[in-house]
Amino acid sequence: MPRLSAAARHTVRFTLNGRPVAGQAAPRTLLSDFLRHEIGATGTHVGCEHGVCGACTVDVDGMLTRACMTLAVQVEGATIRTVEGLAPAPDRLSVLQAAFRRHHALQCGFCTAGILMSLDVFLKAEPDPSEDAVRDLLSGHLCRCTGYTPIVRAALEAAAELRDAQGESAHA
Amino acid sequence: MKPAAFDYVRAESVDEALAVLREEGSDARILAGGMSFMAMLNMRLARPKVLVDIMRVAPLARMEEEKGALKIGAGVRQARLLAADGLDHAAPLLAKALPFTGHAQTRSRGTVCGSIAHADPSAELPLCLVTLKGHVHLKTAKTSRKVAADDFFTGMMATAKADDEMIEAVSFPTPKGEGTAFREIARRHGDFAIVACAALVSGTGIRLGVGGVADMPVARDFPLLDGSALDDALNALAWELDARDDVHASARYRRELVRRIGRATIEEARRCRA
């Protein structure tokens, strides 16, 4: 039974966007701070730090996760995806990201990383969601710029585009 | 908004977790999904010296039908229960209430038992447990006991759980042939309920649970009332619950919601049974 002392920092290893990473964390270090300060992956944003705003949402082993309400030491050995893992190449946006850009689904961008991760995980499970289902999912995020409507449009258009791509590859 | 320092124990069995609780007493706390408790830690409303992570204890992730009840282990996440095959048939009240519990982004990690342990007066799962007359299975290193939901919740975020005890599982009874309904009013879907109502209607009576009003969820049994007799009973209940004013709603508004949402929930449960 491992007991990690409060007074020391401990090695935490996990897979981040397909690559193994490691760093040192005190038991109280939040996953959000660990990603940003120890790993240097600053795409994940930190807002309220009590699980309300959704800016820090990441994918841990397929589960949507508030990184601010998760300890770094809890994710030892996990597979984590963050916003940095969405784009297929440094100069190309993912289908969802491109739809966000087309629809002006972001202004300041503070909430965007978390919303993209929520939608990315959600659209895999529900490729053909209703607008209500998208709005229900977005209730777990706060965006103070857009009024959400462009985000909903972008999500529905990305879903349709992803379905088309899926259909084409199935018929190829 | 960062937790105070603590030791972190990654328990590999229930016995290991309980041994830490026995040694450390009130200085130790169980960490499961963390979707309520991590917020308490970040805001330093809780400052334990040791956190015992139980999410790698495989036997706690069990979910099973047992003697007319659904027994849910301490490691079962809310999203897993909500996605369980046939939940709307086996435990319709839970199937109706769970979509109101937090957001998709917190149900994915948060556990059923964690919400019961947190005992927020406006939370949906404690309300369902009280309404269904469920039980909490508590364990120490040496003893086990089963506590009725009504006896488990003792006040605002306060429970009958002793410092050296952990919740091993909770049991939600799965009565057959009852109409069920769940409704709540919140500022946004997924926010804490201002008032939440859960109703069960059988051939002989009505049971209505109300959350968000008193310091803990409360359920009352009524005969099969109708019309103004039902209004009178709900009015009496609304006053009895001793609603409070806070930043979210006035006591008067809460009483009105108990009368109206209570009635709507009961009527929906009746239609559901018919």
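In what follows, chains are A, B, ... by sequence order, proteins preceding strands, each numbered from 1. Computed from a predicted structure; not experimentally measured.
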Heavy-atom cut-off 4.5 Å, strictly under: side chain, backbone, both or neither for B:Met35 against chain A?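 Both parts, heavy atoms under 4.5 Å.
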So for B:Ala4, is it side chain, backbone, both, or neither that comes closer than 4.5 Å to the heavy atoms of chain A?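 Contact with chain A: backbone only.
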Non-hydrogen atoms of chain B under 4.5 Å away: do they reach the side chain of [X], the backbone, both or neither?
X	answer
A:Thr29	neither
A:Thr57	side chain
A:His141	both
A:Leu137	both

Other residues, nucleotides, ligands: >12 heavy atoms within 6.0 Å of [X] [atom1]:
X	atom1	result
B:Arg244	CZ	yes
B:Phe192	CZ	no
B:Arg44	CZ	yes

Heavy atoms only, distances under 4.5 angstrom: which of A:Arg3, A:Met117, A:Arg66 has the most pairs with chain B? Name it, please. A:Arg3
Flag the pair B:Glu184 and B:Lys96 as a salt bridge only when some basic side-chain nitrogen lies within less than 4.0 angstrom of an acidic carboxylate oxygen. no
Charged N-O contact under 4.0 Å between B:Lys142 and B:Glu165: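 No, no charged N to carboxylate O under 4.0 Å.
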Looking at [options], which makes the most heavy-atom pairs under 4.5 Å with chain A?
options	answer
B:Val50, B:Leu41, B:Leu51	B:Val50
B:Leu31, B:Val52, B:Thr106	B:Leu31
B:Gln105, B:His103, B:Lys2, B:Arg188	B:Gln105

Taking every non-hydrogen atom, the tightest pair across A:Pro129 and A:Ala159: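 Closest pair (atom of A:Pro129, atom of A:Ala159, distance): CD-CB, 3.9 Å.
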Step by step, work out the salt bridge (charged side-chain N to carboxylate O under 4.0 Å, His left out) result for A:Arg163 and A:Asp128. CA-CA 8 Å; A:Arg163 284 197 306 279; A:Asp128 191 7; 3.2 Å; yes
